[in-house]
Each structure stands twice: as C-alpha cells, then as structure tokens.
Amino acid sequence: MNQKEKQNAIKAGEIASQVKQFAKSFIKADMPLLEIAEKIESQIIKLGGKPAFPVNLSINEIAAHYTPSYNDLTVAKGLLKVDFGVHIDGFIADVAFSLDLENNEENKKLIKASEKALKNAVQKTKLGIPIGEIGKAIQDSIESEGFSPIINLSGHEMQKYELHAGITIPNIDNKKTEKLQKGLYAIEPFVTTGTGKVYDGKPSGIYSLIDSKNVRNPSAREVLNFVEEEYQTLPFCSRWIVKKFGIKSLFALKQLEDNRNLNHFQHLIEASHNKVSQSEETILVDDKITITTE
Ligand code: MN
Ligand code: MN
C-alpha cells in the first residue's frame, strides 16, 4: 500500500470507530433491525465513507450474514452481533461488536470472551509473526474461559475493493508458519457455547459480483451495471437494490443469481444452535501496527 492508500485505510477506520460508538449508544432491545441497519449505514455516509458491505445484525445462533430485507420486521434481541464495514476508495475498515440485549449472564461471558480473545490476538500481531500463532492466542484465550472458538470462520486480509483477500487469520492454532506480511487485516474471533462450527442456513439477501457477463433481461442488465459501478466486488444487499430500483428488482437479482453473475451468501448458523459472540477490529500491519478501528 502506498501512502495515499494507507491514509484511506486509516480514515475508513476513524469513521468506523465513530460509527461504532454511535451504534452502541442507540441500539436497544426491540428496535427493528431495519432501523438499526439504516441508521448505521446513513451515519457512515454522513461521515464521508461508504458502507463496505451491508450491516450484519445476527442474533443468537446466527453467527453472521444476517442483514435485514427491505420489509424486515425482526427486532433486536438476545445476543446481537453488529458487524459493519466502511471504505474510502476501496480501502476497508471492518469492525464488529456484540451486545447482550436480555441481561443474560452467559451472553455477557461470551461477549467478554470474544473481546479478550481479540485483545490477546492483537497484542501478538506484528510483522513477520507466524499466522498460526495469532490463531493460537485466540484459541487459548477462548478455551481458558470454557468456551469454543468457531473454527470455520476466520479473519482475513483486505485489499482494494476486496473484503476477503490473500491471507486468512485463523481462530484456532492451525500450525501455519506462513509469516504475516505488511497489509490490512481483520481479526475476528467468534465464541460459542456450542460445538464451534457454522453451516449454511437460508439465503441472506447479501450478494457479490462474480461475473459481469451479459444477461438478456434489460432490467437485470441495468441492476448488474449499477452493481459493477457502485460496489465493484464488495458485498451488497437486496435492500439497497430495492431502494434504488424498486421491488421489481428482486426478480432481476434472482435472474443475476441464476445466470451466475452474482454470488448469494447464506446465513451462517452455529451447528448446535448455541449462541455466538463476535468481536472484530482492523489492523494495518506495517513496520509498526495500527488498529485503524479502535
Ligand atoms: Mn466484519
Ligand atoms: Mn471481517
């Protein structure tokens, strides 16, 4: 990354940090997820960033990939994960926190465990460290609290307009000796009382562009052009497309999915249907490390 790119990553992180404080201040039990998502996304734009992906608001055993649809009536409750991203010219800050909305002791312990695991992982993170050692710090921290990390979810490198690129940061000691290089990384431990794996659930309404090849239907083509221009390869959601093109565009999205222009993400559900907490920060690894989202 050059100087300008690093500045964009830092700026995106500053916005994410401010939006995180804002979100923590207004999210309450029984608030519609739709209202929460729209408030967070508007605030990102107001502060001069763009959402790097739709706000994920995943409750209890849903670990990730729940974003409200345009007509969603779900309200905030239980153990809520709030995961959102900001980008400036494609340089991303990816951040997440968890909230206990039912005053439950186990929720609070799970949240503390993911926060502590993240802190321990960040302390380990530096240029040249074997990647498995970051995973080990996460696993040891979570297991010492009597919980399990989710082993098939992980942190990731981020590159320009690429949310998941290059290096993977595991949530367990995978013994990888590959060394951490300069770049932008998200570290995101997930903690559960369950078995520690997720499987694919229902379609989420979150998509990303995989192929801009031609599609016959003119309205599908119009949506595809917009996606390519506006989001490039970053994830987006049906709610955003409905806002721009109206409800009929849901049919265009279906065509684009069937034509394999778009990848459709599914909800990620904890295998034993136990609760999950998540904490995430973005780290710029250079000669020194900077937590851009802190
Ligand atoms: Mn995230
Ligand atoms: Mn992430």
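When a ligand or atom number is given, it counts from 1 through the structure's own listing order. Just so we're clear, the structure is a prediction, and the values are computed from it rather than from any experiment.
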Residues 25-33, side-chain donor-acceptor partners within the protein, below 3.5 Å, at least two apart:
unit_1 : atom_1 : unit_2 : atom_2 : d
Ser25  : OG     : Phe22  : O      : 2.6
Lys28  : NZ     : Ser25  : O      : 3.2

Report all side-chain donor-acceptor pairs from residues 241-250 shorter than 3.5 Å, counting only partners two or more places apart or in another chain.
unit_1 : atom_1 : unit_2 : atom_2 : d
Lys243 : NZ     : Glu38  : OE2    : 2.9
Lys248 : NZ     : Phe245 : O      : 3.1
Ser249 : OG     : Gly246 : O      : 2.5

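- Electrostatic pairing of Glu102 and Lys275 counts as a salt bridge here, judged by a charged N lying under 4.0 Å from a carboxylate O.
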Tell me which donor-acceptor pairs under 3.5 Å the side chains of residues 166-173 have, and how far apart each pair is, sequence neighbours excluded?
unit_1 : atom_1 : unit_2 : atom_2 : d
Asn171 : ND2    : Leu153 : O      : 2.9
Asn171 : ND2    : Glu188 : O      : 3.2
Asp173 : OD1    : Lys175 : N      : 3.1
Asp173 : OD2    : Lys175 : NZ     : 3.2

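- Protein N/O/S atoms closer than 2.8 Å to the Mn ion (ligand 1), listed by chain and residue number, are Asp83 OD1, Asp83 OD2, Asp94 OD1, Glu280 OE1.
- Here the closest non-hydrogen pair linking Thr290 and Ile10 is CG2-CD1, 4.0 Å.
- Ion pair Lys6/Asp286 flagged as a salt bridge, since at least one NZ, NE, NH1 or NH2 atom sits closer than 4.0 Å to an Asp/Glu carboxylate oxygen.
- Residue His156: an N/O/S atom is found under 2.8 Å from the Mn ion (ligand 2).
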